[in-house]
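Since we're looking at a predicted model, the values are computed, not measured. Note on naming: letters A, B, ... go to the chains in the order of the sequence lines (proteins, then strands), and numbering restarts at 1 for each one.
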Amino acid sequence: MNAVEIEEAVSDLARQPFDPQEFAFSFLEAFGNKPTTIKRLREGNTNKSTIVGGVLQRNNIHIVVSENGKVEEALTLLRETPETRKSKAQFILATDGQDFQAENIISGETLVCKYQDFHEYFSFFLELAGISTVKQIRESAFDIKATGRLNKLYIELLQHNPEWATAERRPDMNHFLARLIFCFFAEDTGIFQGEGLFTLTVQQMSMSDASDTHEIISEMFRAMDTKLKDREKNNIKAWANKFPYVNGELFSGSTDVPKFTKIARSYLIHVGNLDWKKINPDIFGSMIQAVADDEERGMLGMHYTSVPNILKVLNPLFLDDLREHLEQAGDNARKLLNLRRRMARIRVFDPACGSGNFLVIAYKQIREIEYEINKRRGEKNLSSEIPLTNFRGIELRDFSSEIARLALIIAEYQCDVLYRGNQLALAEFLPLDAENWITKGNALRINWLSVCPPTGTGVKLHGDDLFSSPLDQAEIDFDNEGGETFICGNPPYAGSSKQNTNQKSDLKDLFDPHNIRFKNLDYISGWFWLASKFYEQTDGAYAFVTTNSICQGEQVNILWPHILSNNQEIGFAHTAFKWSNLAQNNAGVTCVIVGVRISSSADKFLYFEDSRKNVRHINPYLIDYRDVFIPRYSNSISNLPKMLKGNQPTDGGNLILSSEEKRELEEISPDSREFIRPLFGAKELIDGSKRYCLWIEDDKLQKARMIPQIKNRIKLVKQARLKSSAKSTQNKAGLSHRFIQIQGYGRLSLVMPEVSSEKREYLTGELLGANCISTNKLFTVYDPEIYLFSVCSSKLHKTWIETVCGKLEERISYSNVLGYNTFPLPKLTEKNKKDLTECAEEILIARERHFPATIADLYDPKKMPKDLKQAHERNDEVLERIYIGRRFRNDTERLEKLFELYTQMTNHLKKV
DNA sequence: AATCCGACAATTC
DNA sequence: GAATTGTCGGATT
């Protein structure tokens, strides 16, 4: 269950009459416990409570229903009962149906309320449902509630107004919902005269069968679009006249409203009765996005950026600098004024703004700084000089773009209340500014200068002007104002093979004219490209949260030379962190944050999880070293023997046999032995698991097909290949008795796993004997000299691979062309080779000594055996002496030497 | 003809 | 259920 579902279940429970017998079980059920779990508790099997009528669920909660008026005592009893502690209950809860008290034993927080109100505090208990309540989700209890209610309303309305669900009319539906949210907010904050005016009017004026609800609402909308002086002329009904003139495009256009059902009407009243003052524009938009987005429904804002992550972008991008200036200004009125003027001209532009998180947070942070300035200048009541129109965005999805605008409006109002008081906030709020700087459209198809022109005087684009040509240089007055523009955001990621045709063509149109090999780039690189272009024209800097893959492997050499050649540099970067937000199913991706600016001598910072380092330079691999771009090499620059990829089956699993399947097949048909070989991928290598494959030479095909089981498997391979979306695979359907790609086999081979854990101290290569087949999960050197094993097992090699190759999240991803072929190794003497061979043998012997321990066992960083560790140390020592005559002090030193050597060696190559 | 990558995916603890 | 850690094969060069 997600938070919205839990909220609904808890609210349902609270509405029902109190049942002392059932309460504890119903409560647990509302928090997502399965019926079987409840049943076992009810039967007492898992109920650890020793209190009469108590229910104690291990690791979770101890609940008791007390006698009337004895709640306080009951809670004390719960707290003091030894079982509570023994069963590690996190919560205790007591109620008599009147009063309700609970305590989070771990944090010490307590909850005391009336029974009928406890559903308001459902977020207090969210950990019961396995939802880790970071402080934020507690604070967004309202947003969760509102999202759930609005979702119900939205679905009900769409169901009964199917024409509103069509692609054509969805925007109207979304606009309608945005208007509703505005009204709910306005009626609870005094923007409308009279508490709950909107909801109350619906309730009182429309018939309870809902037949005219849409007309009533429509009339109110019409009023809000009509200036007071024009109302009589336009026959605004008297009861609607109580609504102020709002407009600001929010109420202009069609006042059409979908027809309501009785249920929809009651949903609307229900939502309206929530206390919308509590809306949190930071997060609300992201949650509410799920309401209208079919794809995101159920995911609940899987891809919205959490506030801490937004600040990781905004702080180093420009907020830290503003705060520093504030610090320096002290109480100097002049300096403070200058800072305020500067801030009033700062534009924040998010070209993938979703529901506006980055913009809202940026706005609120700037307002906070402005307030401090005004306080120091003794101008507390001064109205803000930060124009909302300086916060601009582009968003593809219609609903999100509506919400982004609304979120900004709400944020502005809330800031005014916070810093200037209710009265002043109200006095200046309406009518809304008619300008809307959230553009709906495809950011990769819009000229960013037209959304965010350097002068602030440019024209706004509407959705239908998307494919505009670049603005004429003459239209842009560069000397004007000199305000800065900061671009930020979390644009969409899509790996090269995961992009749809539209996304592909977006990139094609951007990159093809510049001969950039866009087909291997992640979709997000379009944003980096356009942002870099943007700053050819204007001052400022940009930073995005991005998948780490654009700072790794081959993408570095495709994308970054073009960005950094623009007299631009990476000003700050945040190294890899796992994506996470409050959604229950977090997207599986590892992110980095990269900030790019016009080259300058200002400080550069590399941020790590909980520290930052002032560095000389940040290169696109996000390390402190000068820019190096490593391309693919088809041969080793150090003249090492050719390393090939293993054999790729693409067989739908039909050429591969488990131990079990192998045994069965051999039992049924002993002749099949001839065609079965051990198969090695990374897993088999590392975990020591066993797999086998059918390996049938072309000239043995006839014989193999005599065995019915094999014949059948070959048929299944063919079927699987024909089903593939790749032409090349379909074409090989005829050769279904063998792997789709055959690189080599049957000799002694050195193999390196393609993907392996980053936790091990060394890469775990291995020597495989004859007859073994390696899959495409292993890279292979056939008939290697043994010293090569020493090289590939060294710390130097691991450091290089981990730096220049791609990654799967944080996993190390080996590559022959990017890593092995580019690995710089000094020319080895015969003596060197002999020494290294001895080291290699020592490692192999050490592994052997611990038979049958697997590689995974042996290289577990906590359990690595001493002798194996020593063998590796020795190996590193011998190899590193060849490089610099001593051991390297650390990985930084290793990398510097490797990069230096790489540069030398490849320069030499070019000369040849 | 050969390889990089995955807003991952399957398995384990 | 979250922690761990590498499959599989498409798309591209």
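In this structure, the separation between SG on A:C805 and CD1 on A:I630 is 9.5 Å, given to the nearest 0.5 Å.
Residue A:E810 is classed as having no contact, given no heavy-atom separation below 4.0 Å to the nucleic acid. Residue A:R721 is out of contact with every strand shown, counting any heavy-atom pair closer than 4.0 Å. Across all strands shown, A:N490 has heavy atoms under 4.0 Å from base atoms, whether or not it also approaches the sugar-phosphate.
Between the CG atom of A:L644 and the P atom of B:dT3 there is a distance of 6 Å, rounded to whole Å. At whole-Å resolution of the value, CD in A:Q503 and P in B:dG6 are 14 Å apart. Residue A:K807 contributes atom NZ, which lies 12 Å from atom P of B:dC5 at whole-angstrom precision. When rounded to the nearest whole Å, the span between OH of A:Y523 and C1' of B:dG6 equals 18 Å. In this structure, NZ of A:K759 is placed 6 Å from C1' of C:dT4, rounded to the nearest angstrom. Protein atom CD1 of A:I524 is 12 Å distant from nucleotide atom P of B:dA7, rounded to whole Å. Between the CG atom of A:L818 and the C1' atom of B:dT3 there is a distance of 9 Å, rounded to whole Å. Between the C1' atom of C:dG1 and the CG atom of A:N60 lies a distance of 13 Å, rounded to the nearest Å.
Distance from the side chain of A:S549 is smallest for B:dG6 among the nucleotides B:dG6, B:dC4, C:dG6. When each of B:dC5, B:dC8, B:dA7 is scored by its nearest atom to the side-chain atoms of A:V589, the top-ranked nucleotide is B:dA7.
Using a 3.5 Å distance cut-off with no hydrogens or angles, the side chains of A:E809 and A:N548 do not pair a donor with an acceptor. In this structure, a donor-acceptor pair under 3.5 Å is absent between the side chains of A:S636 and A:N639. A:S505 and A:R445 form a side-chain donor-acceptor contact under 3.5 Å, judged by distance and modelled atom types alone. At a cut-off of 3.5 Å, with distance as the only test, no side-chain donor of A:N821 or A:N635 sits close to an acceptor on the other residue. Under 3.5 Å, the side chains of A:Q648 and A:T650 contain a donor-acceptor pair of N or O atoms.
At a non-hydrogen distance threshold of 4.0 Å, A:Q552, A:G553, A:E554 from residues 550-559 of chain A come into contact with DNA chain B.
Between A:E761 and A:K795 there is a salt bridge, since at least one side-chain N of the basic residue sits less than 4.0 Å from a carboxylate O of the acidic one. Here A:K645 pairs with A:E754 in a salt bridge; the nearest charged N to carboxylate O distance falls below 4.0 Å. The residues A:D698 and A:R738 are annotated as salt-bridged, a charged nitrogen and a carboxylate oxygen being separated by less than 4.0 angstrom.
Counting only Watson-Crick or G-U wobble pairs whose defining distances are both under 3.5 Å, the stems of 3 or more consecutive pairs in DNA chain C are B:1-6 with C:8-13, B:8-13 with C:1-6.
Mapping A:C591 and A:Y814 onto DNA chain B via the closest heavy atom, the residue that lands nearer the 5' end is A:Y814. Across the interface with DNA chain B, nearest-nucleotide mapping of A:Y493 and A:K732 shows A:K732 to be the residue nearer the 5′ end.
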Per-nucleotide protein contact string for nucleotides 7-13 of chain C, where B marks a base within reach and S marks sugar-phosphate only (heavy atoms under 4.0 Å, - for neither): SBBBSSS

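Qualifying ring-ring contact (aromatic ring centres under 6.0 Å, His included) partners for A:Y523, counting only residues two or more places apart in sequence or in other chains: A:W527. Every ring-ring contact (aromatic ring centres under 6.0 Å, His included) that A:F739 has, sequence neighbours left out, goes to A:W695. Here A:K662 pairs with A:E666 under the salt bridge (charged side-chain N to carboxylate O under 4.0 Å, His left out) rule; sequence neighbours left out.
Between the P atoms of B:dA7 and B:dT3, the separation comes to 23 Å (whole Å). Remark: the separation of the P atoms in B:dC8 and B:dC4 is 22 Å, to the nearest Å.
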